[in-house]
Each structure stands twice: as C-alpha cells, then as structure tokens.
2 protein chains.
Amino acid sequence: MTTDDLMTRALETLGDDGPLSVEAIHRVTGPSDVSEPMTIAEVADLLDVSPHTLRYYERAGLVEVARDGNGHRVYDAGAVRRLVFLTRMRLSGMPMRELREYVSLVDEGEHTTPERLGMLVEHRDAVRRRIRELTLSLAAIEYKIATYGGSTGPDVRVLDPAAS
Amino acid sequence: MTTDDLMTRALETLGDDGPLSVEAIHRVTGPSDVSEPMTIAEVADLLDVSPHTLRYYERAGLVEVARDGNGHRVYDAGAVRRLVFLTRMRLSGMPMRELREYVSLVDEGEHTTPERLGMLVEHRDAVRRRIRELTLSLAAIEYKIATYGGSTGPDVRVLDPAAS
DNA sequence: TCTTGCGTTCGAGCGCGCTCCAAGCCCTAG
DNA sequence: CTAGGGCTTGGAGCGCGCTCGAACGCAAGA
C-alpha cells in the first residue's frame, strides 16, 4: 500500500470523527512541501495515482509539465499544486470534461473568476448531495446488517410495523 | 424530473440535516407499498432507473421476473424488494460483480448467511470510507471557495502560514 | 382498420477514465 | 561492455455500466 499519499495522510490526521476544524482543513489543503521540482514517480506517489494517469491528465490538457535535458517530466510547485487540485476534484467526482472546462477558464484569465467560482459552488453542492445519498444508503445497510435474516429483503414492515 | 422515486423521497423526508433517527430509517428502508404487481415502467419510476437498466439487471441474473400473458414483465413484491436492495447497493457504489456474487449466495441458501453478512459489512465500511473521503474533499472545496483568488491553487501557505 | 404506445428480444454500441503496449532513449551499477 | 531500470511517445485496449437499435407483438382508442 502507498500509505504516503495526501488523502490517506489527511484521513489519518483527522481520526475517525474529526469535526473538520480550520486547522484540519489547513492540513488537508496544503500538507505537501511544494518546493523542489519532482519526478513523475514522486508526484504519482504523493497523489496516489499512477504515472500513466499523470501523463493522461497532461495529454488531456489539464496541466503543463516541463521537461529536463533527458526529456523527462519535471513537476514544479505550480504543476504539483494544480495536480493536487485536479486529483481532489476527480476524487470527489468531478468529471474530466468539467475539469477541462475549468482549466480552460483559468487559461482565459482573471475575468473568468466568477464562472469558475460558479463551477466550484455547483460541484460543492453535488458533493453534498452525494454525501447525503451515501449517508442514507449507509443507514439502510447498517439497518440491514443489524436485522439480518438472509434473503434480499427483510423488509422493515415485516419486522416491526408498530415502531414508527 | 422524476421526483417520485424512493431515494428522492427519502432525502426530502430527512430534510437537510436529519440525525437519521430510527423512524427515518424505517421510512428509508421501507416506504413503498409493496403489494400489487407492477409493470416495468412503474418499477423504473419508483427506483429512478430506466426500464433498460431493469432488463439489464435481470439479464445479469440479479433478479427473476415473471411474465404475463403477453410476455410483459410482472414485478411482484419479492422482485421489487430485491430491486430496491440492488439499486440501493448500486447507488452506494457496490459493483455489479459483487452484487452478482451476493445474489448467487442468496440462491445457494441459508448456510451462506455469514458470508453475505460479511459482504454487507465490507460494503458498509467502504461506504463509510467514501463518505469520509468526500467530506474531506468537501471541506477543501469549501475552503477554496471561501478564499477564492482564481488560479488552480491559492495554496494555504500563501494566505496565512501562521494559522497552523 | 389503422395508428399509437408500451412492451418484448438479442446484440451491438458508447462514454468514461484510465491502463497498457511497443519501441526507443538515457543513465548507472556490475 | 552490458544489463537493468526508469523514463519518453503515440496509439490501442479494456472494464464498467449502462444505453440504444432493430424488428417484432399485442391491445386500446380514433
């Protein structure tokens, strides 16, 4: 296991029930030492994605990466920061298409800031909805585990209609 | 919009911050009037999936559905209950492969109960992890929105290194 | 009667996000 | 000198979960 990546470390940092304090978010949003240029393997390790995926993101136009004398990729602080952002968005379910759109807005300059903010807000809402959906499913799964009788549906009614 | 499906209704029922009380879970796990046989369109509507998807699940061996005189599918209470379960598991991210495995365990009989329970527990843990992951991403997204300066990375350090 | 609409089947197609392959280059260790 | 390992490229391949197309059947309504 590559237990060294950002997300894993952040999750461990927070423990099992962190209230997501401001400091926690600080740790989450910026724990890496973005200073020295990194190789593709190092970045892959940091972000817990494969080098393949990093090249794929570059080909998709999501990030520009310089090359050293041997033609090898060199990820500077800016590239790493962008990839941290990109992988976080991917992990939270933003499709590649939107990411491409977002990045092209960034490339267009300052005046697209409102639009970008709009995308972020929209994605935030989508993530919130997804969390609520999962939370609901989780409750149902836990309920099923607690009352497990087999078959695909020990339906509630069967057990205790009076409880409501 | 098909606002009538189970999940949507459950989400509305809970409001925006429900503590997931027992009654809430009752409502979530068994709100449908499973009594009369249903047509494919009705089930699709109930579960907010397409008829295509229902046929696909059947082809995949996840559920058996009877036919009426015209060869049309007739979903009885058992089939509907199973499909409620299946779509909930799908929605919470269980892959088709595992669902097939689960169902085949059900078909094998009572003695596979422990194994099925194990699968549920494993899935429950996966859902919990996913929720935590999303919650973390959400915090980062909210942070970015709150401090939005443009570019792909107003990195924390840039803003207030002293805050930690 | 004829059209409309909902259903059926089987098989093919598709969008997504990687993931891998093949051929080649460069550097280092043995 | 050679072998190994890590990197490069463009393009092809893949697994997943649907989603759709084509050809057809049946039944109710204009």
Side-chain angles (χ1 to χ4, degrees), chain A residues 2 5 7 37-76 79-80 83 85-103 123 126 130 133 137, chain B residues 2 5 7 37-76 79-80 83 85-103 123 126 130 133 137:
Chain A
T2 315
D5 68 282
M7 205 57 181
M38 301 172 76
T39 68
I40 194 168
E42 289 165 347
V43 177
D45 209 57
L46 176 72
L47 300 177
D48 199 28
V49 298
S50 71
H52 289 298
T53 299
L54 291 177
R55 295 190 199 103
Y56 167 66
Y57 287 173
E58 187 179 345
R59 266 198 279 185
L62 297 183
V63 61
E64 284 182 14
V65 183
R67 299 291 188 276
D68 69 9
N70 294 324
H72 290 195
R73 287 174 177 77
V74 177
Y75 292 83
D76 63 14
V80 172
L83 283 165
F85 169 75
L86 292 171
T87 50
R88 175 144 47 232
M89 296 308 258
R90 286 291 307 119
L91 195 63
S92 57
M94 182 177 278
M96 291 294 287
R97 177 181 35 76
E98 282 180 42
L99 240 21
R100 262 180 261 123
E101 192 183 332
Y102 186 94
V103 163
H123 182 58
R130 182 65 182 140
E133 212 172 59
S137 293
Chain B
T2 314
D5 68 281
M7 205 60 179
M38 302 172 75
T39 68
I40 194 169
E42 289 165 350
V43 177
D45 208 57
L46 176 72
L47 300 177
D48 198 30
V49 299
S50 71
H52 288 299
T53 300
L54 292 177
R55 294 190 199 103
Y56 167 66
Y57 288 172
E58 187 178 344
R59 266 197 279 185
L62 297 184
V63 60
E64 284 182 14
V65 183
R67 298 290 188 278
D68 68 10
N70 295 322
H72 290 195
R73 287 173 176 77
V74 176
Y75 292 84
D76 63 15
V80 172
L83 282 166
F85 170 74
L86 291 171
T87 51
R88 174 144 48 234
M89 297 309 259
R90 287 291 306 118
L91 195 62
S92 57
M94 182 177 278
M96 290 293 288
R97 178 182 35 76
E98 280 179 43
L99 239 19
R100 259 181 262 121
E101 191 183 332
Y102 186 95
V103 163
H123 182 58
R130 181 65 182 141
E133 214 174 56
S137 294

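Worth saying up front: this structure is predicted, and the values here are computed from it rather than measured. The sequence lines fix the lettering, A, B, ..., with proteins before strands; numbering per chain opens at 1. For the numbers below, each heavy atom of this structure counts, side chains included, while hydrogens, waters and symmetry mates do not.
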Task: Pairwise distance CG(A:Leu62) to CE(A:Met89) - rounded to 0.5 angstrom - done: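 If we round to the nearest 0.5 Å, A:Leu62:CG and A:Met89:CE are 12.0 Å apart.
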Open item on the list: So if I take every side-chain heavy atom of A:Arg73 and compare against D:dT9, D:dC7, C:dT19, which nucleotide ends up nearest?
Closed with: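 That would be D:dT9.
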TODO: Kindly point out which of D:dC7, C:dT8, D:dC26 is positioned nearest to the side chain of A:His72?
DONE: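 Within the option list, the nearest is D:dC7.
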Task: Most 5' of B:Arg97 and A:Ile40 on DNA chain D, judged by nearest nucleotide - done: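 Closest to the 5' end, via its nearest nucleotide, is A:Ile40.
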TODO: Give a yes or no answer on whether the side chain of B:Glu98 reaches the backbone of B:Pro95 with a donor-acceptor pair at less than 3.5 Å.
DONE: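 Between the backbone of B:Pro95 and the side chain of B:Glu98 there is no qualifying donor-acceptor contact (under 3.5 Å).
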Take the protein atom [atom1] of [X] and the nucleotide atom [atom2] of [N], then report the distance between them rounded to whole Å.
| X | N | atom1 | atom2 | result |
| --- | --- | --- | --- | --- |
| A:His52 | D:dG10 | NE2 | P | 15 Å |
| B:Leu54 | D:dC20 | CG | C1' | 16 Å |
| A:Leu86 | C:dG17 | CG | P | 13 Å |
| B:Glu58 | D:dT19 | CD | P | 17 Å |
| A:Met38 | D:dC7 | CE | C1' | 16 Å |
| A:Tyr75 | D:dG6 | OH | P | 16 Å |
| B:Glu101 | D:dC16 | CD | P | 13 Å |
| A:Leu91 | C:dG17 | CG | C1' | 14 Å |

Determine: side-chain N/O of [X] to OP1/OP2 of [N], distance under 4.0 Å, yes or no.
| X | N | answer |
| --- | --- | --- |
| B:Arg67 | C:dT9 | yes |
| B:Tyr57 | D:dG17 | no |
| B:Arg55 | C:dC10 | no |
| A:Asn70 | C:dC27 | yes |
| B:Tyr56 | D:dC20 | no |

TODO: Over all heavy atoms of both residues, which pair between B:Ala44 and B:Leu54 is shortest? Give the atoms and the distance, please.
DONE: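 The answer is N-CD1, 3.5 Å.
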TODO: May I ask you to check whether A:His72 and A:Thr39 show a side-chain donor-acceptor distance below 3.5 Å?
DONE: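 No - no donor-acceptor pair under 3.5 Å links their side chains.
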Task: Note: A:Arg67-A:Glu58 ion pair, threshold 4.0 Å (strictly below) - done: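 Salt bridge present between A:Arg67 and A:Glu58.
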Open item on the list: Any base atoms under 4.0 Å from A:Pro95, or only sugar-phosphate, or nothing? Heavy atoms, all strands.
Closed with: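 The residue A:Pro95 makes sugar-phosphate contact but no base contact.
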Task: Any N/O donor-acceptor pair, B:Arg59 side-chain to C:dG11 base, under 3.5 Å - done: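 Looking at the base of C:dG11, it does pair with a donor or acceptor on the side chain of B:Arg59 (distance under 3.5 Å).
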